[in-house]
Amino acid sequence: MTSEEPQPQIHIGEVSGSTFAIGSHAEARSYHGATPPRDEATEQLLAALRGLRAELSSAEPTDEGADLDAALADAEDEITRTGSAGEGRLRRLRALLADTVAVSTVAASAATVATLLGT
């Protein structure tokens with residue numbers, strides 16, 4: 001673009017009670033005054049998120065556990081507010097869970113070996 005070509009511009013004045021999204025992959029959802037509907041799979045996911053958060057709260061605190069709990073809380077909040085969790089959030093949860101499972105599997109195996117070794 002040369003400096004003589006008009007530049008794209010967006011002007012937003014005062015906005016109230018509206019929902020909008022800007023960008024090539026933007027998505028906007030709006031629910032005013034009502035809890036959005038959730039399907040059975042989403043209800044099961046929400047229950048599982050809450051269950052895992054409860055288990056995490058009773059486990060020994062770790063940085064990985066705190067990161068996972070924060071991501072679980074964000075997903076729970078999004079589902080509660082909008083009726084579903086976005087794909088980006090679900091992808092992040094999958095990655096955190098994969099890391100946490102790998103660490104907890106190693107930790108459990110190490111504890112088993114330590115027990116068997118009598119330490």
Side-chain angles (χ1 to χ4, degrees):
M1 260 185 202
T2 66
S3 60
E4 295 174 12
E5 292 181 29
Q7 300 294 314
Q9 296 181 353
I10 296 175
H11 298 279
I12 300 174
E14 188 174 321
V15 177
S16 176
S18 299
T19 303
F20 56 91
I22 300 170
S24 62
H25 297 294
E27 179 180 325
R29 296 182 197 177
S30 181
Y31 301 96
H32 299 280
T35 303
R38 297 188 291 254
D39 61 19
E40 183 61 31
T42 302
E43 288 292 342
Q44 290 174 353
L45 175 59
L46 188 57
L49 294 174
R50 290 173 175 160
L52 183 52
R53 288 193 71 210
E55 287 182 33
L56 282 173
S57 70
S58 64
E60 186 171 329
T62 64
D63 290 341
E64 294 84 6
D67 290 345
L68 179 58
D69 183 61
L72 291 167
D74 289 345
E76 182 180 343
D77 178 62
E78 184 175 0
I79 291 170
T80 302
R81 284 182 300 103
T82 68
S84 65
E87 186 54 41
R89 187 170 312 282
L90 295 177
R91 214 176 3 260
R92 174 164 161 63
L93 268 176
R94 284 184 200 104
L96 285 170
L97 285 169
D99 290 346
T100 302
V101 168
V103 169
S104 64
T105 301
V106 170
S109 297
T112 301
V113 170
T115 301
L116 291 172
L117 292 174
T119 57

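From a predicted model like this one, the values you see are computed outputs, not experimental measurements.
Closest of all the heavy-atom pairs between G83 and R38 is O-CG, 3.6 Å. Of all non-hydrogen atoms in L93 and A75, the two that sit nearest each other are CD1-CB, 3.6 Å. Taking all atoms of both residues into account, the shortest heavy-atom contact from L96 to A71 is CD1-CB, 3.4 Å.
The line from CZ of R89 to CD of E78 is 4.5 Å long, rounded to the nearest 0.5 Å. Interatomic distance, D63 CG to L68 CG, rounded to the nearest 0.5 Å: 12.5 Å. Rounding to the nearest 0.5 Å places CG of L56 at 8.0 Å from OG1 of T62. A distance of 12.0 Å separates CD in Q44 from CG in L49, rounded to the nearest 0.5 Å. The CD1 atom of I79 lies 10.5 Å from the CZ atom of R81; values are rounded to the nearest 0.5 Å. Considering CG of L72 and CG of D77, their distance stands at 12.5 Å, rounded to 0.5 Å.
At least one donor-acceptor pair under 3.5 Å links the side chain of S58 to the backbone N or O of E55.
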Exercise for the section: For the pair D99 and D67, evaluate side-chain contact (heavy atoms from CB on, under 4.5 Å) and give the outcome as yes or no after the intermediate values. Expected result: CA-CA 11 Å; D99 290 346; D67 290 345; over 6 Å; no

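Salt bridge present: R94 and E87 bring a charged side-chain N and a carboxylate O closer than 4.0 Å.
Donor-acceptor pairing under 3.5 Å is recorded for the side chains of T42 and D39.
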